[in-house]
Novice: 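The structure follows.
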Amino acid sequence: MWKKKTVLIVEGSGTQFGNGNDLLASAARVFRIIAPAENAYDKVSQIRHEINSFIDSQETLENVVVLIALGPTATVLAHEFGELVQTIDIGHFDLQYEYLVNGSYDKVKLSNRYDNEMINGNDFIPDKSEKYKSEIIALIN
C-alpha cells in the first residue's frame with residue numbers, strides 16, 4: 001500500500017515505526033512527525049499543523065500515504081485527513097510485524113521500540129542513526 005509512495009509517519013516518541021526492519025523498504029521516501037508517546041491529544045493542534053504543512057509541501061497527494069501510530073489521537077486525525085490524502089490509523093502494526101519477524105505470535109519485549117502495553121514499555125534503546133534523524137521533519141514535545 002506504500003510501495004513507491006511518499007510516506008509520512010505520525011508517531012509517538014520511541015515508536016520508531018518501520019525503523020530497523022524492512023516494513024517500509026518499498027516506500028519511495030519516509031518522513032516522520034514525532035509527537036508525545038502518551039496524551040498526544042493534548043498536542044493535537046500542533047500535530048494537525050505539522051501534517052497540514054507536510055501536505056501543503058507536496059506537489060501532488062496521489063502518491064502520499066499518511067500512517068498514524070498515536071493511540072486514540074490517530075483515529076481522530078485519520079478521519080480528519082482521510083478526505084485529503086490516503087490516511088491510515090496504523091496502530092501497533094509495526095509492533096506486530098516485529099513480533100512476527102522475531103519468531104513470536106505473542107508480545108515480547110523489544111529493545112528498539114516503545115510499547116505502551118508492556119511493563120517498562122519506555123525502556124528501549126532509541127535510534128540515533130543519521131538516517132532515522134533525517135526522516136524527522138517535526139518534533140512535538
Novice: Looking at Val85, is its backbone amide N or carbonyl O close enough to the side chain of Thr87 to form a donor-acceptor pair, meaning the two atoms are under 3.5 Å apart?
Specialist: yes

Novice: If I take atom OG1 from residue Thr6 and atom CD from residue Glu62, how far apart are they, to the nearest 0.5 angstrom?
Specialist: 11.5 Å

Novice: Does the side chain of Lys5 come within less than 4.5 Å of Val64's, by heavy atoms?
Specialist: no

Novice: Would you name the heavy atoms of Ala69 and Gly91 that are closest together and state the gap between them?
Specialist: CB-O, 3.6 Å

Novice: Counting C-beta onward and ignoring hydrogens, is there a side-chain heavy-atom pair between Ile34 and Thr15 closer than 4.5 Å?
Specialist: no

Novice: Are the side chains of Leu24 and Ile9 in touch, meaning some heavy atoms are under 4.5 Å apart?
Specialist: yes

Novice: Is Asn19 close to Asn21 at the side-chain level, that is, under 4.5 Å between some pair of heavy atoms?
Specialist: no

Novice: Would Ile33 and Leu77 show up in the same hydrophobic cluster when neighbours are defined by side-chain heavy atoms closer than 4.5 Å?
Specialist: yes

Novice: Side chains of Ile88 and Val65: does their closest heavy-atom pair fall under 4.5 Å?
Specialist: yes

Novice: Using side chain to side chain donor-acceptor pair (under 3.5 Å) as the criterion, list what pairs up with Thr75, not counting sequence neighbours.
Specialist: Asp89

Novice: Okay, side chain of Trp2, backbone of Ala28: is any donor-acceptor separation there less than 3.5 Å?
Specialist: no

Novice: Evaluate Phe81 against Ile68 for side-chain contact (heavy atoms from CB on, under 4.5 Å), listing each step before the verdict.
Specialist: CA-CA 11 Å; Phe81 286 98; Ile68 310 176; 5.5 Å; no

Novice: Please assess Leu61 against Ile55 for the test side-chain contact (heavy atoms from CB on, under 4.5 Å), listing each intermediate value before the final yes or no.
Specialist: CA-CA 7 Å; Leu61 297 178; Ile55 288 171; 3.7 Å; yes

Novice: A side-chain contact here means heavy atoms from C-beta on lying under 4.5 Å apart; do Ile47 and Ile140 qualify?
Specialist: yes

Novice: Taking atom CZ of Arg32 and atom CG of Leu8, what is their separation to the nearest 0.5 Å?
Specialist: 10.0 Å

Novice: Restricting to side chain to side chain donor-acceptor pair (under 3.5 Å), what partner residues turn up for Arg48, sequence neighbours left out?
Specialist: Glu80

Novice: Which residue pairs pass the ring pair (Phe, Tyr, Trp, His ring centres under 6.0 Å) test when at least one of the two sits in residues 29-59, sequence neighbours left out?
Specialist: Phe31-Phe54

Novice: Under a 4.5 Å cut-off applied to non-hydrogen side-chain atoms, are Glu11 and Leu70 in contact?
Specialist: no

Novice: Under 4.5 Å between side-chain heavy atoms, hopping through other hydrophobics if needed: is there a path connecting Phe93 to Val66?
Specialist: no

Novice: Looking at every non-hydrogen atom in both residues, tell me the closest pair between Ala37 and Ser13 and how far apart they are.
Specialist: CB-O, 3.4 Å

Novice: Can you find a heavy atom in the side chain of Val44 that is under 4.5 Å from one in the side chain of Thr73?
Specialist: yes

Novice: Would you say Lys4's side chain and Ser26's backbone share a donor-acceptor pair under 3.5 angstrom?
Specialist: no

Novice: Using the rule that Ile, Leu, Val, Met, Phe, Trp and Tyr join whenever any side-chain heavy atoms are under 4.5 Å apart, tell me whether Tyr97 and Leu67 fall into a single cluster.
Specialist: yes

